[in-house]
Amino acid sequence: MKSILVTGGAGFIGSHTCLTLLENGFEIFVFDSYINSSKKSLKNIIKILKKNNKDLESNLHLFKGDLKNVRNIEAIFQAALKKNKAIEAVIHFAGLKSVKESIVYPCSYWDNNVTGTINLLKIMEKYNCRNIVYSSSATVYKVKSNKLLNEKDECEPVNPYGQTKLTIENFLKDIFNSASSEWRIACLRYFNPAGAHKSGLIGESPLGKPNNLYPQITKVALGKMSEIKIFGSNWPTPDGTGVRDYIHVSDLAEGHLLALNYLLNNKPQILTLNLGTGKGTSVLEFIRIFERINNVKVPFSFSKRRDGDNAIVVANNSLAKSILKWIPKRNIEDICKSGWNWQLKNPNGFNK
Ligand code: UFG
């Protein structure tokens, strides 16, 4: 059984990926600071598995710590060795992820995301672990037109969060070039993650008021927020509102599993892949579909465009499809249904 370190494994995408890894026979070592996540997500993963008659609790090991502290990272590699289960690969989710916050606290973003990743790679090198799947973002692209974005397109992030994501991708290229016959690296650029596991036991649980559209829609539907403010009604799109590529979190989780297996079963290489559906949905369409599927009301009003926004951000996902044989299986209706199921069962997310 292969041992995988998952940094940030208690978070939204991390927890769904941990579940998928356990279901597929991996032993996982989760490292999380819980500053933006909850241990309850990991407890609920065990519940989901038990409901399916799988008792895999002994394959999940939890470590609380911070990537800024190399000793915290080393402790996991040591613990795995003691169990005779050397860490074979890392899936690296941990990091700060709010665009807005990154503009106010750039030091914190560069320190957590970039320094944290450098620390992680130092320890990986020390323990001869040279396989990593990295959580990048479509936010690295310079969006110039409305065409589907592909991995060769120009990158030029417009905020500190995006800068840290691209800097880490570049750092991983340097790491690869330093020993290209040894490293296996995949940078996965996510488009707009949304939805929740079908059980309603794990999902997105933002602290405070969410900035992204999807968690706001569920909060408005629940009556915890009065309305959605739609940022702009005059974008060059069919209905004038922004178009994005919303990808179901369970499809993303499966993308990580496939990327990991691909790396472990192929020659050393570095890959950069978009994980998106290739299909755009406008803000108005998203709201309308959510209302129809769940039979709820999501009031909205129009306000001015948000700084740094683009009209259309949609993935060309043909590379991930051809290399990983990854096919997103869930559509926007599934996102609306599963997200609402999670929100109804957990009105406060994992927060009290
Ligand atoms: N939007 C609104 N009102 C809101 C929030 C969003 O109208 O209150 C609109 C935006 O203008 C945009 C769409 O909804 O058209 C989606 O916006 P999000 O904030 O949900 O997502 P973004 O596409 O701006 O950015 C997200 C993440 C980034 C990530 C990026 C990848 O926030 O972290 O997707 O493309 F990098």
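Computed from heavy atoms alone, side chains included, the values below leave out hydrogens, waters and symmetry copies. For ligands, and for the atoms within them, numbers begin at 1 and follow the listed sequence.
- Protein heavy atom at the shortest distance from atom 33 (O) of ligand 1 is Tyr161 CE2, 3.5 Å.
- Aromatic ring pairs are classed by plane angle as parallel below 30°, tilted from 30° to 60° and perpendicular above 60°; the pair Tyr161 and Tyr109 is perpendicular.
- Of the candidates Arg244, Arg306, Glu227, the one placing a heavy atom closest to atom 17 (O) of ligand 1 is Arg306.
- Heavy atoms of Asn212 found under 4.0 angstrom from ligand 1 belong to the backbone as well as the side chain.
- Atoms of ligand 1 found under 4.0 Å from any heavy atom of Lys229, numbered from 1 in the order shown, are 2 (C), 3 (N), 4 (C), 7 (O), 8 (O).
- The atoms of ligand 1 that sit less than 4.0 Å from any heavy atom of Ser137 are 29 (C), 31 (C), 36 (F).
- Near Gly242, meaning under 4.0 Å from one of its heavy atoms, ligand 1 places the atoms 15 (O).
- Atoms of ligand 1 found under 4.0 Å from any heavy atom of Thr139, numbered from 1 in the order shown, are 31 (C), 36 (F).
- In terms of protein heavy-atom proximity, atom 11 (O) of ligand 1 is closest to Asp309 OD2, 2.5 Å.
- Only side-chain heavy atoms of Val283 come within less than 4.0 Å of ligand 1; its backbone N, CA, C and O stay farther off.
- With ring centers used as reference points, Phe350 lies under 6.0 Å from Trp342.
- A cation-pi contact, defined as under 6.0 Å to the ring centre and within 45° of the axis, links Arg189 to Tyr141.
- Geometrically, ligand 1 and Lys97 share no nitrogen or oxygen pair separated by less than 3.5 Å.
- Annotation: atom 22 (P) of ligand 1 to nearest protein heavy atom, Asn192 ND2, 3.6 Å.
- Only backbone heavy atoms of Asn211 (N, CA, C or O) come within less than 4.0 Å of ligand 1; its side chain stays farther off.
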- Worked check of side chain to side chain contact (heavy atoms under 4.5 Å, CB included) between Leu67 and Asn112: CA-CA 7 Å; Leu67 286 177; Asn112 275 280; over 6 Å; no
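- Of the N and O atoms on the side chains of Asn331 and Lys279, not one donor lies less than 3.5 Å from an acceptor on the other residue.
- Counting heavy atoms under 4.0 Å from ligand 1, residue Arg305 does not touch it at all.
- Using the six-membered ring where Trp is involved, Phe12 and Tyr214 have ring planes that are parallel, under 30° apart on the 30 and 60° scheme.
- Sparse packing is recorded around CG of Asp307, with 12 or fewer heavy atoms of other residues, nucleotides or ligands lying under 6.0 Å away.
- With a 4.0 Å heavy-atom cut-off, ligand 1 is reached by the side chain of Gln216 but not by its N, CA, C or O.
- Summary of contacts: the protein heavy atom closest to atom 35 (O) of ligand 1 is Ala138 CB, 3.4 Å.
- The line from CG of Leu201 to NE2 of His197 is 8.5 Å long, rounded to the nearest 0.5 Å.
- Summarising the contacts of atom 16 (C) of ligand 1 with Tyr246, Phe231, Tyr141, the nearest heavy atom is found in Tyr246.
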- Decide side chain to side chain contact (heavy atoms under 4.5 Å, CB included) for Val90 and Phe77; before the verdict, give the C-alpha distance in whole Å, the side-chain angles of both, and the deciding distance to 0.1 Å. CA-CA 11 Å; Val90 176; Phe77 281 80; 4.3 Å; yes
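- Under 4.0 Å from ligand 1, heavy atoms of Leu213 appear from its side chain as well as its backbone.
- More than 12 heavy atoms of other residues, nucleotides or ligands lie within 6.0 Å of CD in Gln78, so this atom counts as buried by the packing criterion.
- Between the side chains of Tyr127 and Glu74, at least one donor-acceptor pair of N or O atoms lies under 3.5 Å.
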